[in-house]
Engineer: 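First, the structure itself, so that you have it in front of you.
Just so you know, ligand 1 is whichever comes first in the structure, and atom 1 is the first atom listed for that ligand. Excluded from the calculations below are hydrogen atoms, water molecules and symmetry mates; all remaining heavy atoms, backbone and side chain alike, are included.
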Amino acid sequence: MNDTFLKACRGEKTDYTPIWMMRQAGRYLPEYQKIRGNVTFLELCKSPDLCVEVTLQPVDLLGMDAAILFSDILVLMEAMGAPLEFHEGRGPIFKEPIRNQAALDALMIPDADEATAFVMETIRLLRRELKVPLIGFAGAPFTCATYLIEGGSSKVFWETKKMMFTEPLLFHRLMDKITESTILYLKAQARAGAQALQLFDSWAGVLAPCDFSNFALPYVQKIFAALQGYEIPLIYFANNGATLLDLSVSSGADVIGLDWRINIGEAIKKVGKRAVQGNLDPFALLLPKDQLRQRIGDLLDGAKNAHGHIFNLGHGIHQFTPPEQAKIAVDAVHELSSR
Ligand code: 1CP
């Protein structure tokens, strides 16, 4: 068992810096495309055998030091009773957005072992196969709420902010329900065998710090507090979150994920005795080999005072990234950080 990733999460000394990449299982890999060619995205998410296969791909092909469960943050929203569709090229759609009390009342707090049995089965199967740690995950409540309220992806978040500012009680009640569901869901993942848990807050960066404090952070704190007993590393990734970093350190996470917009050395000064994860610009994977290695060397150097560093991209790997470039990055991290 290669436990370098878990050691780095705990701030312990490691022989080298571990690496994994957000969205490492996915469309940039031809091996993923091949499987995805025969099934829809949601069918894939609900087929444990196929989920196992695509989860293993980046670990086997590229040498990642951790695996992340293949699933999607919106699977839980569907289990709560919000009918979900994925349209090719357009992303997720909730045809019945949650914008009033009646719609909110219709949402359930599901029993995760039943409603998302396929996720738990995937985790159990993966643990038999994997020689690196398995990361489970969920969306952070604010990010999940934006999809439910907007009815899909958004750029301006009009409906979400309208509810926050004109019907704050309704917004908080929705956040409460997502939070309760997420706690049960992540506890079930931990029981099934997930060895670390990450909350993805992809849209937290659209919030002013005062609104993040009021409308988003308390729910992240509640989730991480509920997971303390499992003694597995908890990771919080707020995309575009540099301006929220001082607040994010109070989330209760053991590891703070960093997007690429902040200098890693500066971030490390703020996070104190916590590990950091990040933060190469995903598009920097396109650099010519020598420059990519140089850039990675600089990043490792910038993180030398970290209380644990897990190398990652600053957000998900882009679907048109050549897999060979990802492999160069993995090898460079291993080689340049070896001590
Ligand atoms: O066509 C396809 O094959 C679907 C593309 C795809 C994939 C591969 C989607 C649709 N989701 C996923 C997998 C996925 N999603 C993983 C897999 C594990 C891994 O990292 O390897 C994870 C962790 C997610 C999480 C997720 N889904 C997030 C949070 C992370 C992030 O990237 O910010 C979000 C926001 C989603 C929603 C989602 N899923 C898929 C799409 C197109 C979207 C919408 C994104 C948007 O609104 O812009």
Engineer: Among side-chain atoms of Asp290 and Gln294, is any donor-acceptor pair under 3.5 angstrom?
Structural biologist: no
Engineer: With a 4.0 Å heavy-atom cut-off (strictly under), which part of Thr55 contacts ligand 1: side chain, backbone, both or neither?
Structural biologist: neither
Engineer: Is any side-chain heavy atom of Leu69 closer than 4.5 Å to a side-chain heavy atom of Cys51?
Structural biologist: no
Engineer: Check the surroundings of atom CZ in Arg339: do more than 12 heavy atoms from other residues, nucleotides or ligands lie under 6.0 Å from it?
Structural biologist: yes
Engineer: With the threshold set at 4.0 Å, does a side-chain nitrogen-carboxylate oxygen contact exist between Glu88 and Arg36?
Structural biologist: yes
Engineer: Work out whether the distance between some heavy atom of Asn239 and some atom of ligand 1 is less than 4.0 Å.
Structural biologist: no
Engineer: Just to be sure I'm reading this right: ignoring hydrogens, which of Cys144, Gly139, Gly26, Ser71 gets closest to atom 17 (C) of ligand 1? Compare them by their nearest heavy atoms.
Structural biologist: Ser71
Engineer: Are Trp20 and Asn312 packed together at the side-chain level, in the sense that at least one heavy-atom pair is separated by less than 4.5 angstrom?
Structural biologist: yes
Engineer: Do Asn2 side-chain atoms and Lys131 backbone N/O form a donor-acceptor pair below 3.5 Å?
Structural biologist: no
Engineer: Show the atoms of ligand 1 that are less than 4.0 angstrom away from any heavy atom in His315.
Structural biologist: 31 (C), 32 (O), 33 (O)
Engineer: Checking the side chain of Asp254 only, and the main-chain atoms of Leu234 only, is there a donor and an acceptor separated by less than 3.5 Å?
Structural biologist: yes
Engineer: Just need the protein heavy atom nearest to atom 22 (C) of ligand 1, so name the residue and atom and give the distance.
Structural biologist: Phe137 CZ, 3.7 Å
Engineer: Any N or O of Glu88 that comes nearer than 3.5 Å to an N or O of ligand 1?
Structural biologist: no
Engineer: Looking at non-hydrogen atoms alone, which of Ile73, Val75, Leu199 comes nearest to atom 25 (C) of ligand 1?
Structural biologist: Ile73
Engineer: With side chains defined as the heavy atoms from C-beta onward, is the minimum distance between Tyr219 and Thr182 less than 4.5 Å?
Structural biologist: no
Engineer: Flag the pair Lys162 and Glu159 as a salt bridge only when some basic side-chain nitrogen lies within less than 4.0 angstrom of an acidic carboxylate oxygen.
Structural biologist: yes
Engineer: Counting each atom of ligand 1 from 1 as listed, which ones have a heavy atom of Gln24 under 4.0 Å away?
Structural biologist: 19 (C), 20 (O), 21 (O)
Engineer: Atom 44 (C) of ligand 1: which protein heavy atom is closest, and how many Å away?
Structural biologist: Pro92 CD, 3.5 Å
Engineer: Pro58 near ligand 1, heavy-atom distance under 4.0 Å?
Structural biologist: no
Engineer: Within the side chain of Lys177, is there an N or O that forms a donor-acceptor pair under 3.5 Å with the backbone of Leu107?
Structural biologist: yes
Engineer: Is the shortest distance from a Lys or Arg side-chain nitrogen in Lys269 or Glu266 to a carboxylate oxygen in the other one below 4.0 Å?
Structural biologist: yes
Engineer: Using non-hydrogen atoms of the residue, decide whether Met21 is closer than 4.0 angstrom to ligand 1.
Structural biologist: no
Engineer: Any idea which atoms of ligand 1 are less than 4.0 Å away from a heavy-atom of Leu69?
Structural biologist: 18 (C)
Engineer: Is the shortest N/O to N/O distance between Tyr32 and ligand 1 below 3.5 Å?
Structural biologist: yes
Engineer: Please report which non-hydrogen protein atom sits nearest to atom 21 (O) of ligand 1, along with the residue it belongs to and the distance in Å to one decimal place.
Structural biologist: Ala25 N, 2.8 Å
Engineer: Quick one: nearest non-hydrogen protein atom to atom 29 (C) of ligand 1, plus distance?
Structural biologist: Ser202 OG, 3.2 Å
Engineer: May I ask you to identify the nearest protein heavy atom to atom 37 (C) of ligand 1, giving residue, atom name and distance to one decimal place in Å?
Structural biologist: Asp72 OD2, 3.8 Å
Engineer: In plain terms, say whether Glu121 and Arg124 are close enough for a salt bridge, that is, a side-chain N and a carboxylate O under 4.0 Å apart.
Structural biologist: yes
Engineer: Yes or no: does Thr143 have any heavy atom under 4.0 Å from an atom of ligand 1?
Structural biologist: no
Engineer: Using a 4.0 Å cutoff against the non-hydrogen atoms of Arg36, which atoms of ligand 1 qualify?
Structural biologist: 1 (O), 2 (C), 3 (O)
Engineer: Return the closest protein heavy atom for atom 42 (C) of ligand 1 as residue, atom name and distance.
Structural biologist: Gly91 CA, 3.9 Å
Engineer: Contact between ligand 1 and Gly316 is defined here as a heavy atom of the residue under 4.0 Å from a ligand atom; is it met?
Structural biologist: no
Engineer: Is any side-chain heavy atom of Phe200 closer than 4.5 Å to one of Phe137?
Structural biologist: yes
Engineer: Note the single closest protein heavy atom to atom 36 (C) of ligand 1, along with its residue, its atom name and the distance in Å.
Structural biologist: Arg23 NH2, 3.5 Å
Engineer: Does an N or O from Trp203, backbone or side chain, lie closer than 3.5 Å to an N or O of ligand 1?
Structural biologist: no
Engineer: Distance under 4.0 Å to a non-hydrogen atom of Ile68: what atoms of ligand 1 satisfy this?
Structural biologist: 18 (C), 19 (C), 20 (O), 21 (O)
Engineer: Have a look at Phe86, Phe70, Trp20 and point out the one with the heavy atom closest to atom 10 (C) of ligand 1.
Structural biologist: Phe86
Engineer: Heavy atom to atom 46 (C) of ligand 1, shortest distance: which of Phe200, Tyr28, Phe41, Tyr147 holds it?
Structural biologist: Tyr147
Engineer: Working to the nearest 0.5 angstrom, can you tell me the gap between Lys187 NZ and Leu197 CG?
Structural biologist: 12.0 Å
Engineer: Working note: Tyr147 + Phe94, criterion ring-ring contact (aromatic ring centres under 6.0 Å, His included); need CA distance, chi angles, decisive distance, verdict.
Structural biologist: CA-CA 8 Å; Tyr147 287 96; Phe94 289 104; 7.4 Å; no
